[in-house]
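What follows is a short report on a single structure.
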Amino acid sequence: MSGTRAANGRRHETTPVPACCSRSTNLTKEPLMYRSLFAAVTICLGLAAVPALTAPAAAQIVSREPLVLDAAQEAEVARVNSYLNKLRYMSGRFLQINPDGVLSEGSFYLARPGRARFDYDEEELVVVARGQKLLIKEGSFVTNELPLDGTPLKVLLGREVDITRDARVIGVDSRAGTLALTIQDPEAPELGHVTMIFTGADLELQRWIVTDSQGLRTTVSLTEIGYPATLDGELFDLYSESSTLRGRQN
C-alpha cells in the first residue's frame, strides 16, 4: 500500500480498486487507472485525455479567445521560446498539489527534444514522455500509453518550440522578475488551460498550474533544479515485465 500526504501533513493511504468501479470525488480513493492518468497528464502539462473530476461547486471553464499580443508581450513570449529551445538537459525535484490538497513528491528528468521522466516517491508510479508517447507505469506494469499530440508537453518537448504557432496564448503577465504565460490547446480550448511560471532575468521554469474544465487547479513546483551535461538514455525506457517500451524519439 502506498500513500500521499495531505496539506495538513497527514498521510492518505491509497488502495487499488478495480477500474470498473465508480470513481469517488476523493482522489485518494479513485481507481489507480484514473489517478495515474490524472497525475500523468497533469505532471506533463496535458489537458486532454483525463476524465473530469466531479466537483459540483466548481465553475465550468469558458473557452477564452487568443490574446492579441502587444510588442512587450511578444517579446516575453520570444524569451520563453528562446529559453526552451536552448534547454537541453534538466533535472530536479517536483512537488504536486492536487485540487483536494493532497501532496505528491518525486524526481524529474528532462532531455530535449522529446523526453521527460517523473518518478513519484511514495507511489509505484513512473511517467515517461518519449517521442510521440506518454507512458504510465504502476509497479511492474506499463498500464497506459497515450499520445502526446494536442498536449502542451508536445509543444515544450518539440525540436523547435514556437508557442504562438503551437498553442493558444491567453495570458502574459510579467512583473517583479516573474513571467506567467498561460496557454490552451488550440484544438480543445474548452478543456482548460495551463499557466507556466518563469523567474529570473534569463528565465527558469519554476512552476506550472493546470486548470481543468471545471476550474479545479493542480500545481506542480520544481525545486533543486540542475542542468547536467547529459542524462542516461535508459532513464526514458520503461521495463514492463519482459518488454521494454522506448517509444519513438522526435
Side-chain angles (χ1 to χ4, degrees), residues 4-10 12 14 23-30 34-67 80 92-106 108 116 118 120-123 125 127 129 134 136 146 150-156 163 167-176 178-199 204-223:
T4 52
R5 291 187 293 112
N8 60 11
R10 296 181 180 178
H12 287 265
T14 57
R23 289 177 290 143
S24 166
T25 55
N26 184 338
L27 286 178
T28 60
K29 294 180 181 178
E30 288 185 307
Y34 291 104
R35 294 187 60 246
S36 297
L37 286 172
F38 177 77
V41 183
T42 295
I43 201 78
C44 295
L45 304 182
L47 296 170
V50 182
L53 299 177
T54 53
Q60 195 76 12
I61 286 291
V62 177
S63 176
R64 292 162 61 178
E65 292 298 317
L67 183 67
V80 173
R93 300 280 298 166
F94 70 86
L95 173 66
Q96 177 177 317
I97 306 177
N98 288 341
D100 63 353
V102 171
L103 308 182
S104 297
E105 300 177 70
F108 78 90
F118 296 85
Y120 285 75
D121 286 348
E122 297 178 345
E123 303 179 52
L125 177 63
V127 178
L134 180 68
I136 303 106
L146 306 172
T151 70
L153 183 64
K154 178 67 175 180
V155 175
L156 298 178
I163 297 294
R168 172 181 288 186
V169 178
I170 60 173
V172 180
D173 186 9
S174 180
R175 65 183 73 184
T178 299
L179 171 61
L181 178 63
T182 303
I183 62 174
Q184 291 179 320
D185 179 350
E187 299 299 322
E190 72 281 358
L191 293 179
H193 56 261
V194 58
T195 299
M196 296 175 287
I197 312 296
F198 302 86
T199 60
E204 182 174 69
L205 180 61
Q206 294 283 341
R207 183 166 72 256
W208 59 78
I209 304 168
V210 174
T211 304
D212 73 7
S213 61
Q214 299 181 54
L216 299 175
R217 294 184 177 183
T218 298
T219 300
V220 177
S221 299
L222 306 182
T223 62

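Taking every heavy atom of both residues into account, Ile197 and Ala180 meet most closely at CD1-CB, 3.7 Å. Of all the heavy atoms in Ala167 and Pro186, the pair that sits closest is CA-CD, 3.9 Å. Across all non-hydrogen atoms, the minimal contact from Asp121 to Gly106 is OD1-CA, 3.4 Å. Contact detail for Ile170 and Ile183: the closest heavy-atom pair is CG1-N, 4.4 Å.
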- Item | Working for side-chain contact (heavy atoms from CB on, under 4.5 Å), residues Val169 and Leu181 | CA-CA 8 Å; Val169 178; Leu181 178 63; 3.9 Å; yes
- Query: Is there a side-chain contact (heavy atoms from CB on, under 4.5 Å) between Asn98 and Thr219 once you walk through the steps?
  - Reply: CA-CA 7 Å; Asn98 288 341; Thr219 300; over 6 Å; no
- Task: Tell me, with the steps shown, if Val80 and Phe198 meet side-chain contact (heavy atoms from CB on, under 4.5 Å).
- Result: CA-CA 8 Å; Val80 173; Phe198 302 86; 3.8 Å; yes
- Would Leu134 and Val127 satisfy side-chain contact (heavy atoms from CB on, under 4.5 Å), going step by step from the backbone distance to the final call? CA-CA 7 Å; Leu134 180 68; Val127 178; 3.6 Å; yes
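Here Thr223 contributes atom OG1 and Phe108 contributes atom CZ; the two are 8.0 Å apart, rounded to the nearest 0.5 Å. In this structure, the separation between CZ on Arg207 and OG1 on Thr199 is 9.0 Å, given to the nearest 0.5 Å. In this structure, the separation between CH2 on Trp208 and CG on Leu222 is 4.5 Å, given to the nearest 0.5 Å. Rounded to the nearest 0.5 angstrom, Met196 CE and Leu205 CG are separated by 7.5 Å. A distance of 5.5 Å separates CG of Leu95 from CG of Leu103, quoted to the nearest 0.5 Å. Here the straight-line distance linking atom OG of Ser221 with atom CD of Gln96 works out to 10.0 Å at 0.5 Å rounding.
Using modelled atom types, one side-chain atom of Asp212 and one backbone atom of Gln214 make a donor-acceptor pair closer than 3.5 Å.
Considering only residues two or more places apart in sequence or on other chains, Glu204 meets the side-chain contact (heavy atoms from CB on, under 4.5 Å) condition with Tyr83, Gln206, Ile225, Tyr227. The salt bridge (Lys or Arg N to Asp or Glu O under 4.0 Å) search around Arg217 returns none, not counting sequence neighbours.
Tyr120 has its ring centre less than 6.0 Å from the ring centre of Phe94.
Between Val172 and Leu179, some side-chain heavy-atom pair lies under the 4.5 Å cut-off.
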